[in-house]
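These figures come from a predicted structure and were not determined experimentally.
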Protein chains: 2
Amino acid sequence: MAKKEIVTIKDVAREAGVSVATASRALGGYGYVSKEAKSRVLEAARKLGYNHNLVAKSLRTRKTYTLGYLLPDIANPFYAGIARGIQDVAFEQGYSVIICNNDNDITKTERFLKMFIRNRVEGIIYSAPFNQALKEMAETAIANGIPVVNCYGSTRVAALDTVTGDAEGGCYKAVRHLLELGHRKIGFLKVRGSGISKRRFAGCKRALEEAGVEIFPELVVEVSDYSQASGYLGAKMLFARKELPTAVFAFSEQLAIGVLKAARENSISIPERLSLIGVDDVIGEVLEPPLTSVKIPTYEAGKAAATLLLERIEKQIEENSREVVLEEKLIVRESTKAPER
Amino acid sequence: MAKKEIVTIKDVAREAGVSVATASRALGGYGYVSKEAKSRVLEAARKLGYNHNLVAKSLRTRKTYTLGYLLPDIANPFYAGIARGIQDVAFEQGYSVIICNNDNDITKTERFLKMFIRNRVEGIIYSAPFNQALKEMAETAIANGIPVVNCYGSTRVAALDTVTGDAEGGCYKAVRHLLELGHRKIGFLKVRGSGISKRRFAGCKRALEEAGVEIFPELVVEVSDYSQASGYLGAKMLFARKELPTAVFAFSEQLAIGVLKAARENSISIPERLSLIGVDDVIGEVLEPPLTSVKIPTYEAGKAAATLLLERIEKQIEENSREVVLEEKLIVRESTKAPER
DNA sequence: GTGAAAGCGCTAACAC
DNA sequence: GTGTTAGCGCTTTCAC
């Protein structure tokens with residue numbers, strides 16, 4: 001792997017018999033260059049195997065065409081979907097993106113922020129839940145002139161451009177669906193201290209109240225996080241109540257999978273004896289039964305976030321903090337049906 | 001967002017009352033600097049809010065500490081697992097990684113390669129299936145002195161460092177398991193033209209031959225890709241045979257899910273009337289029934305690939321092409337049981 | 001130990 | 001339209 005001599009713009013210029021300035025203009029495709037000179041330069045570049053050095057260009061122009069994306073874990077399909085959306089619009093506009101998994105850890109968050117700044121990323125998107133380092137990160141970035149966009153991440157940070165879903169509306173639809181099927185005793189699995197869980201529940205309440213249907217406080221259980229294990233635990237608690245609900249609405253897909261497992265263990269068949277709805281809809285389709293759920297449009301969210309960010313970078317945006325709210329659709333599958341009587 | 005003045009090493013030097021050379025040495029932590037000068041510099045940097053400019057540093061040192069990772073789609077959990085592994089070891093050693101989704105598309109592959117080279121990534125990992133552009137990409141990169149590592153990607157390219165799983169061994173175990181349960185008529189779902197599919201089948205054959213069990217050619221169906229749809233199709237074909245197999249081994253999880261669906265439609269209960277084994281094991285656990293499968297250690301593969309690559313970058317490696325073969329374990333769950341008689 | 005100065009590869013005034 | 005030249009911010013001889 002003998003590193004062959006790197007050919008620079010100088011070499012190209014010499015080969016083409018022009019100055020570096022002309023070569024630069026020809027290669028960059030701007031400024032005044034005669035057709036003739038341009039084609040000679042391009043030909044020379046091809047011949048020598050020239051590769052534009054973006055490091056040098058960045059240093060000179062102060063544009064790195066690089067974005068940073070901070071998320072908890074790329075192996076989580078929810079975030080991977082967002083990442084894909086971000087990358088697609090970024091690449092389309094000539095930007096590359098550096099993805100960092102913070103595992104919701106403070107130290108990592110700090111380290112990655114520092115890395116972002118040192119690498120001179122031109123903007124940052126985050127999808128992480130709140131922690132102190134995240135907040136400081138956003139503030140530091142802004143202070144350094146690097147715009148930050150929040151995409152389905154914690155809202156407990158500075159006023160930023162934000163992309164979220166209409167959690168309230170999505171859940172409203174889900175409960176309406178249950179109501180229309182005839183359910184009157186609905187259990188809920190929400191997450192303690194989660195802002196989005198709160199908004200989801202608000203949507204549920206609205207649907208219930210509109211229909212004049214009672215909320216059973218003992219059927220509303222709060223768990224500590226959105227994991228499968230928590231769903232399992234929550235379901236077990238629910239199943240221990242005097243009276244079983246006829247439907248359960250779990251505020252994440254993992255929670256719903258936990259419910260599924262618990263139900264199987266207790267021989268509670270879904271949807272016959274219990275209807276079940278989840279949120280996210282990453283693998284809902286392949287579950288058994290296929291899960292009715294509120295779909296979070298992760299890919300679209302990523303696209304929206306990147307669009308917001310690139311606008312900030314390339315244009316002068318006057319508004320202080322913009323917000324994109326994406327519709328969350330209800331996907332009806334086989335885990336919900338009318339309750340037995 | 002008034003971009004505040006960027007503080008450079010010059011500012012730090014002035015503030016600390018030393019030359020830029022000394023400041024650079026102090027900040028970089030190498031060369032001779034007196035303790036006293038060093039602490040003054042560090043203090044000045046802190047005070048001014050100095051951020052090391054890696055773009056400038058890269059230009060000067062020709063080290064960008066950046067890696068490129070080319071995969072079909074980050075939203076596919078299989079690749080996301082690899083990506084996570086790569087990132088973890090990369091970040092640990094101070095490298096960041098740019099991830100590009102080629103969707104197995106030639107144009108995109110070319111574009112991303114060009115981007116990699118222009119950004120002066122120091123190494124490339126790919127997990128993509130073969131296409132002509134990929135092959136050229138690898139060759140061009142190598143020619144430019146950029147090492148390339150193949151991680152569960154096409155082997156039909158130049159002799160490179162490679163990470164794969166012991167596909168043969170994993171499948172051997174799977175078939176042994178079936179055999180031990182008492183299965184004698186086993187169906188296979190493999191993919192036409194896939195090198196890895198061939199290796200998988202070789203492992204199956206070995207187990208069968210060792211046990212002196214016949215292979216039924218009409219129960220070996222070849223489909224066009226690893227998708228769910230193909231699994232569904234393949235299963236339908238299998239179910240149309242004169243005699244049903246008592247077990248099916250599908251060479252991907254998506255294929256297995258397709259089989260699951262087809263079986264459900266035909267009221268063939270799994271595992272009672274048909275045992276099923278898949279490969280990958282990304283969501284196998286939450287399927288119904290939980291899927292017995294050959295687990296591909298994606299995270300470990302990513303780590304191994306990054307390790308191989310960083311060794312190439314940082315050390316002098318004499319060997320031409322190294323290979324890491326990861327063990328593929330069989331995870332026994334509930335989709336397999338003894339055949340009814 | 002420290003500083004002066006050259007230069008990484010490129011762009012962008014500015015002069016011609 | 002084209003060339004000269006001065007940096008972008010940093011590291012790194014080399015002399016002191």
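Between the CZ atom of B:Arg14 and the P atom of C:dT2 there is a distance of 19 Å, rounded to whole Å. Remark: P of D:dC10 and CG of B:Asp11 are 9 Å apart, rounded to the nearest angstrom. Between the P atom of C:dT11 and the CZ atom of A:Arg62 lies a distance of 15 Å, rounded to the nearest Å. Nucleotide C:dC8 holds its P atom 6 Å from the NZ atom of A:Lys10, rounded to whole Å. The separation between A:Arg60 atom CZ and D:dC10 atom P is 16 Å, rounded to whole Å. As rounded to whole Å, 9 Å separates atom P of D:dG3 from atom CZ of A:Arg40. Note: CD1 (B:Ile9) to C1' (C:dG3) measures 13 Å, nearest angstrom. Distance CG (A:Leu27) to C1' (C:dG9): 12 Å, rounded to an integer number of Å.
Within the structure, a side-chain polar atom (N or O) of A:Tyr50 is placed less than 4.0 Å from OP1 or OP2 of C:dC10. Taking 4.0 angstrom as the limit, A:Ser24 places a side-chain polar atom (N or O) nearer than this to OP1 or OP2 of C:dT11. Checking the phosphate oxygens (OP1, OP2) of D:dT2, a side-chain nitrogen or oxygen of A:Ser34 falls inside 4.0 Å. For C:dG3, one of the phosphate oxygens OP1 or OP2 lies less than 4.0 angstrom from a side-chain nitrogen or oxygen of B:Thr22.
If you find the closest nucleotide of DNA chain C to B:Thr61 and to B:Ala21, the one lying nearer the 5' end belongs to B:Ala21.
You'll find that the side chain of B:Ser19 is closest to C:dG3, out of D:dG9, D:dT12, C:dG3. In this structure, the nucleotide among C:dC8, D:dC8, D:dT2 sitting nearest to the side chain of A:Leu59 is D:dC8.
You'll find a donor-acceptor pair under 3.5 Å spanning the side chain of B:Arg25 and the base of C:dG3, going by distance alone. For C:dG9, its base never sits under 3.5 Å from the side chain of B:Arg120 at any donor and acceptor pair.
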Practice prompt. List the steps and the verdict of side-chain hydrogen bond (donor to acceptor under 3.5 Å, both in side chains) for B:Tyr299 and B:Asp88.
Written response: CA-CA 9 Å; B:Tyr299 179 70; B:Asp88 279 2; 2.6 Å; yes

Item to complete: Step by step, work out the side-chain hydrogen bond (donor to acceptor under 3.5 Å, both in side chains) result for B:Ser127 and B:Tyr69.
Response: CA-CA 8 Å; B:Ser127 299; B:Tyr69 178 40; 2.6 Å; yes

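Using a 4.5 Å heavy-atom threshold, the side chains of B:Arg322 and B:Arg312 count as touching.
Looking at A:Arg40 and A:Glu43, no side-chain N of the basic residue comes within less than 4.0 Å of a carboxylate O on the acidic one, giving no salt bridge. Under 4.0 Å is where a charged nitrogen must lie from a carboxylate oxygen, and between B:Arg84 and A:Asp103 at least one such pair does.
Across all strands, A:Thr8 comes closer than 4.0 Å only to sugar-phosphate atoms, never to a base (heavy-atom distances). When heavy atoms are screened at a 4.0 angstrom cut-off, A:Val55 is found touching no nucleic acid atom at all.
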